[in-house]
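Data block below; observations after.
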Amino acid sequence: MKLNRKYTGYLFITPFILGFLIFGLYPVLNTIGLSFTDATLMSKSSNFVGLANFKRLFADAVFMKAIGNTWLIWSLNFITQIGFALLLAAMFTNARLNIRAAGVWRAVFYLPNLMMPAAVTALFGALFAYYGPANQILVRAGYLSEAARFFDSIAFTRGMVIFINWWTWFGQTMIVVMAGMTSIPIHLYEAAMVDGATAWQMFTRITLPLLKPILVFIFVTALTGGMQMFDIPFLLTDGRGAPESSIQTNIILMFLKFNSSKGHIGAAASVGVLVFIMTTVCALGIFYLLRDKDLDDPKSAKKSFFKKNAERTQA
(Lines give C-alpha, C1' and ligand atoms only; values in the text may rest on other atoms or scores of the structure.)
Protein backbone atom coordinates (compact mmCIF):
# COMPACT_ATOMS: atom_id res chain seq x y z
CA MET A 1 0.00 0.00 0.00
CA LYS A 2 1.40 3.33 -1.01
CA LEU A 3 1.87 5.91 1.74
CA ASN A 4 0.58 9.40 1.01
CA ARG A 5 3.52 11.81 0.94
CA LYS A 6 1.86 14.27 3.28
CA TYR A 7 1.91 11.61 6.03
CA THR A 8 5.60 10.66 5.57
CA GLY A 9 6.76 13.22 8.14
CA TYR A 10 4.48 11.76 10.79
CA LEU A 11 5.99 8.33 10.13
CA PHE A 12 9.50 9.63 10.89
CA ILE A 13 8.53 11.41 14.12
CA THR A 14 6.44 8.47 15.42
CA PRO A 15 9.40 6.68 17.13
CA PHE A 16 10.30 9.83 19.06
CA ILE A 17 6.67 10.52 20.05
CA LEU A 18 6.20 6.95 21.27
CA GLY A 19 9.49 7.02 23.18
CA PHE A 20 8.60 10.34 24.82
CA LEU A 21 5.10 9.19 25.81
CA ILE A 22 6.33 5.88 27.28
CA PHE A 23 9.63 6.91 28.88
CA GLY A 24 9.07 10.64 29.43
CA LEU A 25 5.48 11.74 29.95
CA TYR A 26 4.07 8.56 31.55
CA PRO A 27 6.70 8.39 34.35
CA VAL A 28 6.03 12.05 35.22
CA LEU A 29 2.25 11.58 35.35
CA ASN A 30 2.61 8.29 37.24
CA THR A 31 4.92 9.93 39.80
CA ILE A 32 2.43 12.75 40.35
CA GLY A 33 -0.33 10.19 40.84
CA LEU A 34 1.73 8.13 43.30
CA SER A 35 2.53 11.21 45.38
CA PHE A 36 -1.13 11.36 46.48
CA THR A 37 -1.18 7.75 47.69
CA ASP A 38 0.37 5.62 50.44
CA ALA A 39 1.70 3.11 47.88
CA THR A 40 4.61 0.84 48.83
CA LEU A 41 6.54 -1.75 46.88
CA MET A 42 5.42 -4.49 49.27
CA SER A 43 1.66 -3.87 49.05
CA LYS A 44 -0.70 -4.87 46.24
CA SER A 45 -3.06 -1.95 46.73
CA SER A 46 -2.79 1.67 47.82
CA ASN A 47 -5.08 4.34 49.23
CA PHE A 48 -5.58 7.93 48.18
CA VAL A 49 -4.25 10.16 50.98
CA GLY A 50 -4.48 13.56 49.31
CA LEU A 51 -1.82 16.03 50.43
CA ALA A 52 -0.79 13.98 53.48
CA ASN A 53 2.63 13.10 51.99
CA PHE A 54 3.38 16.76 51.25
CA LYS A 55 2.24 17.93 54.70
CA ARG A 56 4.47 15.30 56.29
CA LEU A 57 7.44 16.49 54.22
CA PHE A 58 7.09 20.17 55.13
CA ALA A 59 6.79 19.20 58.79
CA ASP A 60 9.99 17.12 58.53
CA ALA A 61 13.16 18.98 59.49
CA VAL A 62 15.21 16.46 57.47
CA PHE A 63 13.45 17.45 54.25
CA MET A 64 13.90 21.16 54.89
CA LYS A 65 17.58 20.56 55.62
CA ALA A 66 17.93 18.56 52.39
CA ILE A 67 16.49 21.50 50.43
CA GLY A 68 18.93 23.87 52.11
CA ASN A 69 21.87 21.53 51.42
CA THR A 70 20.91 21.20 47.76
CA TRP A 71 20.62 24.95 47.19
CA LEU A 72 23.79 25.74 49.13
CA ILE A 73 25.93 23.17 47.31
CA TRP A 74 24.51 24.06 43.90
CA SER A 75 24.78 27.82 44.38
CA LEU A 76 28.42 27.80 45.50
CA ASN A 77 29.32 25.34 42.76
CA PHE A 78 27.51 27.27 40.01
CA ILE A 79 28.80 30.72 40.96
CA THR A 80 32.42 29.56 40.76
CA GLN A 81 31.65 27.47 37.67
CA ILE A 82 30.14 30.29 35.61
CA GLY A 83 32.76 32.74 36.90
CA PHE A 84 35.70 30.59 35.78
CA ALA A 85 33.94 29.74 32.50
CA LEU A 86 33.40 33.41 31.61
CA LEU A 87 36.96 34.35 32.61
CA LEU A 88 38.63 31.54 30.66
CA ALA A 89 36.35 31.94 27.64
CA ALA A 90 37.12 35.67 27.52
CA MET A 91 40.85 34.93 27.71
CA PHE A 92 40.82 32.26 25.00
CA THR A 93 38.73 34.37 22.59
CA ASN A 94 40.69 37.59 23.19
CA ALA A 95 42.72 38.43 20.10
CA ARG A 96 45.02 40.73 22.08
CA LEU A 97 46.16 37.97 24.44
CA ASN A 98 46.60 35.45 21.62
CA ILE A 99 47.13 32.54 24.01
CA ARG A 100 49.30 29.81 22.52
CA ALA A 101 48.01 26.25 22.30
CA ALA A 102 44.52 27.43 23.24
CA GLY A 103 43.02 24.24 21.79
CA VAL A 104 45.20 22.10 24.05
CA TRP A 105 44.18 24.08 27.14
CA ARG A 106 40.51 23.81 26.21
CA ALA A 107 40.87 20.06 25.89
CA VAL A 108 42.64 19.82 29.26
CA PHE A 109 39.89 21.80 31.00
CA TYR A 110 37.19 19.70 29.33
CA LEU A 111 38.77 16.31 30.15
CA PRO A 112 37.23 15.95 33.67
CA ASN A 113 33.79 16.06 32.07
CA LEU A 114 34.58 12.82 30.25
CA MET A 115 35.08 10.95 33.51
CA MET A 116 32.23 9.24 35.32
CA PRO A 117 31.13 11.15 38.47
CA ALA A 118 31.28 7.90 40.44
CA ALA A 119 34.92 7.38 39.41
CA VAL A 120 35.85 10.98 40.31
CA THR A 121 34.13 10.64 43.69
CA ALA A 122 35.93 7.37 44.40
CA LEU A 123 39.24 9.03 43.45
CA PHE A 124 38.83 11.95 45.87
CA GLY A 125 37.39 9.69 48.55
CA ALA A 126 40.49 7.50 48.41
CA LEU A 127 42.80 10.53 48.23
CA PHE A 128 41.49 11.96 51.52
CA ALA A 129 40.81 8.66 53.30
CA TYR A 130 42.22 8.06 56.79
CA TYR A 131 45.26 6.21 55.38
CA GLY A 132 45.11 8.01 52.04
CA PRO A 133 47.87 9.90 50.24
CA ALA A 134 46.80 13.29 51.64
CA ASN A 135 47.20 12.13 55.24
CA GLN A 136 50.47 10.37 54.46
CA ILE A 137 51.97 13.52 52.94
CA LEU A 138 50.75 15.85 55.68
CA VAL A 139 51.87 13.57 58.55
CA ARG A 140 55.29 12.84 57.04
CA ALA A 141 55.86 16.55 56.35
CA GLY A 142 55.02 17.37 59.96
CA TYR A 143 51.90 19.43 59.28
CA LEU A 144 49.77 16.90 61.20
CA SER A 145 50.71 14.93 64.31
CA GLU A 146 48.35 12.12 63.32
CA ALA A 147 46.08 11.23 60.45
CA ALA A 148 42.97 13.40 60.17
CA ARG A 149 39.44 12.21 59.47
CA PHE A 150 38.66 14.75 56.79
CA PHE A 151 35.12 13.55 56.10
CA ASP A 152 34.09 14.07 59.73
CA SER A 153 34.20 17.81 59.02
CA ILE A 154 31.00 19.34 57.65
CA ALA A 155 32.82 22.23 55.99
CA PHE A 156 35.41 19.98 54.33
CA THR A 157 32.83 17.45 53.10
CA ARG A 158 30.57 20.12 51.62
CA GLY A 159 33.58 21.84 50.09
CA MET A 160 34.68 18.57 48.52
CA VAL A 161 31.25 17.98 46.94
CA ILE A 162 31.26 21.55 45.61
CA PHE A 163 34.80 21.18 44.26
CA ILE A 164 34.11 17.84 42.52
CA ASN A 165 30.99 19.24 40.85
CA TRP A 166 32.86 22.37 39.79
CA TRP A 167 35.92 20.49 38.54
CA THR A 168 33.77 18.07 36.56
CA TRP A 169 31.51 20.60 34.82
CA PHE A 170 33.27 23.95 34.45
CA GLY A 171 35.10 22.78 31.30
CA GLN A 172 31.86 22.05 29.48
CA THR A 173 30.40 25.38 30.59
CA MET A 174 33.51 27.11 29.28
CA ILE A 175 33.13 25.44 25.86
CA VAL A 176 29.49 26.53 25.61
CA VAL A 177 30.33 30.12 26.61
CA MET A 178 33.18 30.20 24.09
CA ALA A 179 30.81 29.06 21.35
CA GLY A 180 28.54 31.97 22.22
CA MET A 181 31.38 34.48 22.30
CA THR A 182 32.81 33.42 18.94
CA SER A 183 29.36 33.85 17.33
CA ILE A 184 29.29 37.58 18.23
CA PRO A 185 30.12 39.70 15.13
CA ILE A 186 33.66 41.02 15.36
CA HIS A 187 32.72 44.39 13.85
CA LEU A 188 30.89 45.30 17.08
CA TYR A 189 34.16 45.08 19.00
CA GLU A 190 36.03 46.94 16.27
CA ALA A 191 33.52 49.80 16.41
CA ALA A 192 33.76 49.91 20.19
CA MET A 193 37.56 50.03 20.05
CA VAL A 194 37.40 52.95 17.60
CA ASP A 195 35.12 54.75 20.07
CA GLY A 196 37.70 54.18 22.81
CA ALA A 197 35.85 51.53 24.81
CA THR A 198 37.87 49.58 27.36
CA ALA A 199 37.98 45.79 27.53
CA TRP A 200 35.66 45.82 30.56
CA GLN A 201 33.14 48.06 28.79
CA MET A 202 33.13 45.81 25.74
CA PHE A 203 32.62 42.76 27.96
CA THR A 204 29.74 44.24 29.97
CA ARG A 205 27.99 46.13 27.15
CA ILE A 206 28.56 43.85 24.17
CA THR A 207 29.55 40.35 25.26
CA LEU A 208 27.22 39.78 28.22
CA PRO A 209 24.04 41.20 26.60
CA LEU A 210 24.58 39.12 23.45
CA LEU A 211 25.31 36.03 25.54
CA LYS A 212 21.84 36.06 27.12
CA PRO A 213 20.49 33.07 25.13
CA ILE A 214 23.58 31.04 26.01
CA LEU A 215 23.41 32.09 29.67
CA VAL A 216 19.74 31.07 29.84
CA PHE A 217 20.65 27.64 28.51
CA ILE A 218 23.51 27.28 31.01
CA PHE A 219 21.43 28.49 33.96
CA VAL A 220 18.48 26.20 33.24
CA THR A 221 20.53 23.07 32.51
CA ALA A 222 22.77 23.67 35.54
CA LEU A 223 19.71 24.24 37.73
CA THR A 224 18.07 21.05 36.52
CA GLY A 225 21.22 19.03 37.14
CA GLY A 226 21.84 20.68 40.51
CA MET A 227 18.38 19.93 41.84
CA GLN A 228 18.90 16.27 40.81
CA MET A 229 22.32 16.02 42.49
CA PHE A 230 22.75 12.47 43.74
CA ASP A 231 25.79 10.40 42.78
CA ILE A 232 28.63 12.53 44.17
CA PRO A 233 27.21 13.27 47.67
CA PHE A 234 25.76 9.76 47.86
CA LEU A 235 29.04 7.97 47.13
CA LEU A 236 31.43 10.30 48.95
CA THR A 237 30.53 9.20 52.50
CA ASP A 238 27.95 6.73 53.84
CA GLY A 239 25.15 7.11 51.28
CA ARG A 240 23.02 9.09 53.73
CA GLY A 241 24.71 12.49 53.52
CA ALA A 242 27.09 12.19 56.48
CA PRO A 243 28.40 13.94 58.47
CA GLU A 244 25.20 15.04 60.19
CA SER A 245 23.25 14.95 56.90
CA SER A 246 25.28 17.95 55.73
CA ILE A 247 25.44 16.74 52.11
CA GLN A 248 22.07 14.99 52.00
CA THR A 249 20.26 16.34 48.94
CA ASN A 250 16.65 16.10 47.82
CA ILE A 251 17.28 13.09 45.61
CA ILE A 252 19.23 11.26 48.31
CA LEU A 253 16.25 11.74 50.63
CA MET A 254 13.93 10.45 47.91
CA PHE A 255 16.14 7.39 47.47
CA LEU A 256 16.16 6.73 51.22
CA LYS A 257 12.36 6.82 51.33
CA PHE A 258 12.19 4.49 48.34
CA ASN A 259 14.84 2.20 49.85
CA SER A 260 13.09 1.90 53.24
CA SER A 261 11.80 -1.37 54.72
CA LYS A 262 8.60 -1.40 52.65
CA GLY A 263 9.67 0.89 49.83
CA HIS A 264 7.39 3.89 50.36
CA ILE A 265 7.19 4.96 46.73
CA GLY A 266 4.28 7.29 47.48
CA ALA A 267 6.37 9.31 49.93
CA ALA A 268 9.37 9.18 47.59
CA ALA A 269 7.21 10.38 44.69
CA SER A 270 6.09 13.41 46.72
CA VAL A 271 9.74 14.46 47.08
CA GLY A 272 10.21 14.12 43.32
CA VAL A 273 7.10 16.20 42.62
CA LEU A 274 8.29 19.00 44.91
CA VAL A 275 11.71 19.00 43.25
CA PHE A 276 9.98 19.15 39.85
CA ILE A 277 7.81 22.10 40.91
CA MET A 278 10.75 23.93 42.49
CA THR A 279 12.90 23.46 39.37
CA THR A 280 10.11 24.55 37.03
CA VAL A 281 9.33 27.72 38.98
CA CYS A 282 13.01 28.70 39.17
CA ALA A 283 13.52 27.97 35.46
CA LEU A 284 10.55 30.17 34.55
CA GLY A 285 12.03 32.88 36.78
CA ILE A 286 15.33 32.64 34.90
CA PHE A 287 13.54 32.93 31.54
CA TYR A 288 11.67 35.99 32.82
CA LEU A 289 14.68 37.78 34.30
CA LEU A 290 16.93 37.15 31.29
CA ARG A 291 14.28 37.81 28.67
CA ASP A 292 14.79 40.42 25.93
CA LYS A 293 12.74 43.31 27.29
CA ASP A 294 12.69 45.13 23.95
CA LEU A 295 10.81 42.22 22.37
CA ASP A 296 8.27 42.12 25.20
CA ASP A 297 7.46 45.84 24.96
CA PRO A 298 6.32 46.78 21.41
CA LYS A 299 6.75 50.51 22.11
CA SER A 300 10.27 49.99 23.40
CA ALA A 301 11.11 47.76 20.44
CA LYS A 302 9.70 50.35 18.00
CA LYS A 303 11.63 53.14 19.73
CA SER A 304 14.82 51.07 19.65
CA PHE A 305 14.29 50.36 15.92
CA PHE A 306 13.93 54.04 15.00
CA LYS A 307 16.86 54.95 17.26
CA LYS A 308 19.12 52.46 15.50
CA ASN A 309 18.01 53.72 12.07
CA ALA A 310 18.71 57.31 13.13
CA GLU A 311 22.19 56.35 14.31
CA ARG A 312 22.89 54.59 11.01
CA THR A 313 21.67 57.64 9.07
CA GLN A 314 23.93 59.97 11.09
CA ALA A 315 26.88 57.63 10.51
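Remember, predicted model here, so these are calculated numbers, not experimental data.
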Trace of the side-chain contact (heavy atoms from CB on, under 4.5 Å) decision for V161 with M229: CA-CA 10 Å; V161 174; M229 193 186 314; 4.3 Å; yes
List the steps, then state whether side-chain contact (heavy atoms from CB on, under 4.5 Å) holds for I251 with F255. CA-CA 6 Å; I251 306 302; F255 174 77; 5.7 Å; no
Before giving the answer on side-chain contact (heavy atoms from CB on, under 4.5 Å), spell out for L188 and L210 the whole-Å C-alpha distance, their side-chain angles and the decisive distance to 0.1 Å. CA-CA 11 Å; L188 296 177; L210 295 179; 3.6 Å; yes
Would you please test T31 and F276 for side-chain contact (heavy atoms from CB on, under 4.5 Å) and show each step? CA-CA 11 Å; T31 301; F276 172 74; over 6 Å; no
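Residue W105 qualifies as open at atom CH2: its count of foreign heavy atoms under 6.0 Å is 12 or below. In the displayed structure, K55 atom NZ is contacted under 6.0 Å by at most 12 heavy atoms of other residues, nucleotides or ligands. The 12-atom threshold is not exceeded at CZ of F258, counting heavy atoms of other residues, nucleotides or ligands nearer than 6.0 Å. Heavy-atom contacts from other residues, nucleotides or ligands closer than 6.0 Å to CZ of F203 number more than 12.
When side chains are defined from C-beta on, I73 does not count as touching P233, because their heavy atoms never get closer than 4.5 Å. Counting heavy atoms from C-beta outward, M174 and F92 have side chains that approach closer than 4.5 Å. Side-chain contact between T173 and F84: absent, with no pair of heavy atoms (C-beta onward) separated by less than 4.5 Å. The closest side-chain heavy-atom distance from L88 to M178 is not below 4.5 Å. The closest side-chain heavy-atom distance from T157 to P243 is below 4.5 Å.
Between M91 and I99, the closest heavy-atom pair is O-CD1, 3.5 Å. Nearest approach of T37 to L34, heavy atoms of both residues: OG1-O, 2.8 Å. Closest heavy-atom contact between T70 and N250: OG1-N, 3.1 Å. Nearest heavy atoms, V62 versus Q248: CG1-OE1, 3.1 Å. Closest heavy-atom contact between Y131 and Q136: O-NE2, 2.9 Å. Taking both residues in full, the closest heavy atoms of G266 and N53 are given as O-ND2, 3.6 Å, listed atom of the first, atom of the second, then distance.
Judged by a 6.0 Å distance limit and a 45° cone about the ring axis, R291 is positioned over the six-membered ring of Y288.
Under the 6.0 Å cut-off for aromatic ring centres, F151 and Y130 do not qualify, their centroids lying 6.0 Å or more apart. Ring centroids of F156 and F128 are separated by less than 6.0 Å, placing the two rings close together.
In this structure, F163 and W166 have tilted ring planes: the angle between them lies in the 30° to 60° band.
V49 and F36 fall into different hydrophobic clusters, defined by Ile, Leu, Val, Met, Phe, Trp and Tyr side-chain heavy atoms under 4.5 Å apart, directly or through other members. When hydrophobic clusters are built by joining Ile, Leu, Val, Met, Phe, Trp and Tyr residues whose side-chain heavy atoms come closer than 4.5 Å, directly or via intermediates, I277 is grouped together with F58. Residues W169 and F234 do not share a hydrophobic cluster, clusters being chains of Ile/Leu/Val/Met/Phe/Trp/Tyr side chains in contact below 4.5 Å. By the criterion of side-chain heavy atoms lying less than 4.5 angstrom apart, applied directly or through intervening Ile, Leu, Val, Met, Phe, Trp or Tyr residues, V177 is grouped together with W200 in one hydrophobic cluster. Hydrophobic clustering keeps L86 apart from Y189 (ILVMFWY residues linked when any side-chain heavy atoms are closer than 4.5 Å, directly or through intermediates).
Rounding to the nearest 0.5 Å gives a distance of 4.0 Å between CD of E244 and CD1 of I154. Here the CG-CD1 distance, from L72 to I247, works out to 12.0 Å after rounding to the nearest 0.5 Å. Note that CG of L284 and OG1 of T279 are 11.0 Å apart. Values are rounded to the nearest 0.5 Å. Note that CG of L211 is 11.0 Å distant from CG of L290, once rounded to the nearest 0.5 Å. Rounding to the nearest 0.5 Å places CD1 of I184 at 8.5 Å from OG1 of T93. Taken to the nearest 0.5 Å, the CG atom of L51 stands 11.5 Å off from the CG atom of L57.
Remark: the backbone N or O of A39 is not paired with any side-chain donor or acceptor of S43 at under 3.5 angstrom. At least one donor-acceptor pair closer than 3.5 Å links the side chain of N135 to the backbone N or O of A148. Between the side chain of S245 and the main chain of G241, no donor-acceptor pair closer than 3.5 Å is present. At least one donor-acceptor pair closer than 3.5 Å links the side chain of W74 to the backbone N or O of A222.
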